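Below is one structure, written out as structure tokens; comments come after it.
Note that the coordinates shown come from a computational prediction; the quantities given were computed from them, not determined experimentally. The chains referred to below are lettered A, B, ... by the order of the sequence lines, with proteins before strands, and numbering in each begins at 1.
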There are 2 protein chains.
Amino acid sequence: MATKKTYLSCLDSVKPVRDTLDVINGKWKLPIIISVGVGNERFTDIEESIPGITPKAMAKELKELEQQKLIERIVTNDYPVKITYKWTPYANTLTPIIDALKEWGIKHREEIFKK
Amino acid sequence: MATKKTYLSCLDSVKPVRDTLDVINGKWKLPIIISVGVGNERFTDIEESIPGITPKAMAKELKELEQQKLIERIVTNDYPVKITYKWTPYANTLTPIIDALKEWGIKHREEIFKK
DNA sequence: AAAAGCACTTTCCTTTTGGAAACTGCTATA
DNA sequence: TATAGCAGTTTCCAAAAGGAAAGTGCTTTT
């Protein structure tokens, strides 16, 4: 009889982690979420607050974040038309992730300079 | 006088978050870390425990995780030579991140099915 | 002797990501 | 009237990521 499946299953963790990564992956999604989170609402303000981002990346990522209901695009029909971006309530659920990533990044930088 | 810098700075958060993302980015790094974390030690065991991964991706990501001192590659000079992969102590510092991503993934899936 | 297991590597190819630069159409300000 | 600001779009291109499939060299099991 063939011996099989010597490995241990880790799908309980891997699957939900991958579901999350599918939403927040990429270089720019979390920086944009953070920038909007601190109060930047206008396209150019968000853009200028994130060093290195291009308007092309901005537009693409903002569209995806809108579809995922994490960022809301609001058009006010005053003169002139004003476009603002805001967190949806659902974006708040990401704060534990952002905090964990931020804390690790700070410690990691210390760790690197220590050596 | 020109009015400038209407945006709010978010570099305090964006920079460390990006430092972290530079380490754990990509589709496979966290799944591999999780798999090794639950006790898979052999190349093929890790590979089989992560649906969809190829040996090519495995080899590349394992090398990077080794360089980053998150996974240790251990060669035992018995007959036959045995190669095992293990968490370094530093990998333990990632658990808050993994937990946060896992929890969000579980809730997100519920959220999607609710609608 | 043949087949299977282990730990990978190699080749080929497609898709995705990323960046630079210029451009658009509208409005507001100097 | 010219310039600047806003919210993007478009083009071009290079680099990176991702996947399928086959191969390698060694060992162990049947």
Side-chain angles (χ1 to χ4, degrees), chain A residues 1-8 14 18 21-32 35-36 39-68 71-86, chain B residues 1-8 14 18 21-32 35-36 39-68 71-86:
Chain A
M1 220 184 281
T3 311
K4 0 176 151 161
K5 217 161 74 160
T6 65
Y7 66 88
L8 305 159
V14 166
R18 290 211 39 191
L21 292 179
D22 286 344
V23 175
I24 59 160
N25 67 356
K27 206 172 167 179
W28 303 116
K29 288 226 177 62
L30 283 173
I32 290 172
S35 178
V36 176
N40 289 309
E41 302 191 324
R42 314 299 303 271
F43 192 94
T44 16
D45 285 346
I46 302 167
E47 191 187 339
E48 286 171 41
S49 74
I50 302 170
I53 202 168
T54 60
K56 182 181 143 192
M58 278 283 298
K60 184 182 166 251
E61 304 292 290
L62 277 171
K63 267 170 206 155
E64 289 180 29
L65 291 171
E66 241 195 292
Q67 282 173 8
Q68 288 158 173
I71 297 280
E72 202 186 349
R73 185 180 188 269
I74 302 156
V75 183
T76 41
N77 275 324
D78 306 336
Y79 289 110
V81 171
K82 201 178 163 187
I83 290 157
T84 53
Y85 292 94
K86 299 202 176 175
Chain B
M1 222 184 280
T3 311
K4 359 176 152 161
K5 218 162 71 160
T6 64
Y7 67 88
L8 304 160
V14 166
R18 289 210 42 190
L21 291 179
D22 286 344
V23 175
I24 60 161
N25 68 354
K27 207 173 168 180
W28 302 117
K29 287 226 179 62
L30 283 173
I32 290 172
S35 178
V36 175
N40 290 307
E41 301 190 326
R42 313 300 304 269
F43 192 95
T44 15
D45 285 346
I46 301 165
E47 190 188 340
E48 286 171 38
S49 74
I50 303 170
I53 201 168
T54 61
K56 183 180 144 192
M58 278 283 299
K60 185 182 166 252
E61 304 293 288
L62 277 172
K63 265 168 209 156
E64 289 180 29
L65 292 171
E66 241 194 293
Q67 282 173 9
Q68 289 158 172
I71 297 279
E72 200 185 349
R73 184 180 187 267
I74 301 156
V75 183
T76 41
N77 275 326
D78 306 336
Y79 290 109
V81 171
K82 202 178 161 188
I83 291 157
T84 54
Y85 293 95
K86 300 202 175 174

Given [options], identify the nucleotide with an atom nearest to the side chain of [X].
X	options	result
B:Lys63	C:dT9, D:dA7, D:dT9	C:dT9
A:Phe43	C:dA7, D:dA7, C:dC8	D:dA7
A:Tyr85	D:dG8, C:dA7, D:dT28	D:dG8
A:Ala59	C:dA28, D:dT9, C:dT9	D:dT9

remark   = Given protein heavy atoms under 4.0 Å, the one-letter contact record of nucleotides 12-19 of chain C, with B base, S sugar-phosphate only and - none, is simply B----SBB
Quick one: is [N] close enough that its OP1 or OP2 comes under 4.0 Å of any side-chain N or O from [X]?
X	N	result
A:Arg73	D:dG8	yes
A:Thr44	D:dG5	no
A:Arg42	D:dA7	yes
B:Tyr7	D:dC6	no

task = Test side-chain contact (heavy atoms from CB on, under 4.5 Å) on B:Lys60 and B:Glu64 and set out the steps.
result = CA-CA 7 Å; B:Lys60 185 182 166 252; B:Glu64 289 180 29; 3.6 Å; yes
request  = State plainly whether the residues A:Glu72 and A:Lys86 are in salt-bridge range, i.e. N to O under 4.0 Å.
outcome  =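 Salt bridge flag = no for A:Lys86 with A:Glu72.
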ask   = Reckon B:Pro55 touches a base, only the sugar-phosphate, or nothing at all at heavy-atom distances under 4.0 Å?
value = base
message = List the residues meeting salt bridge (charged side-chain N to carboxylate O under 4.0 Å, His left out) with B:Lys27, not counting sequence neighbours, and say none if there are none.
response =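 So B:Lys27 forms no salt bridge (charged side-chain N to carboxylate O under 4.0 Å, His left out) with any residue.
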inquiry  = Quick check for you: to the nearest 0.5 Å, what is the distance between A:Ile71 atom CD1 and A:Ile46 atom CD1?
reply    = 7.0 Å
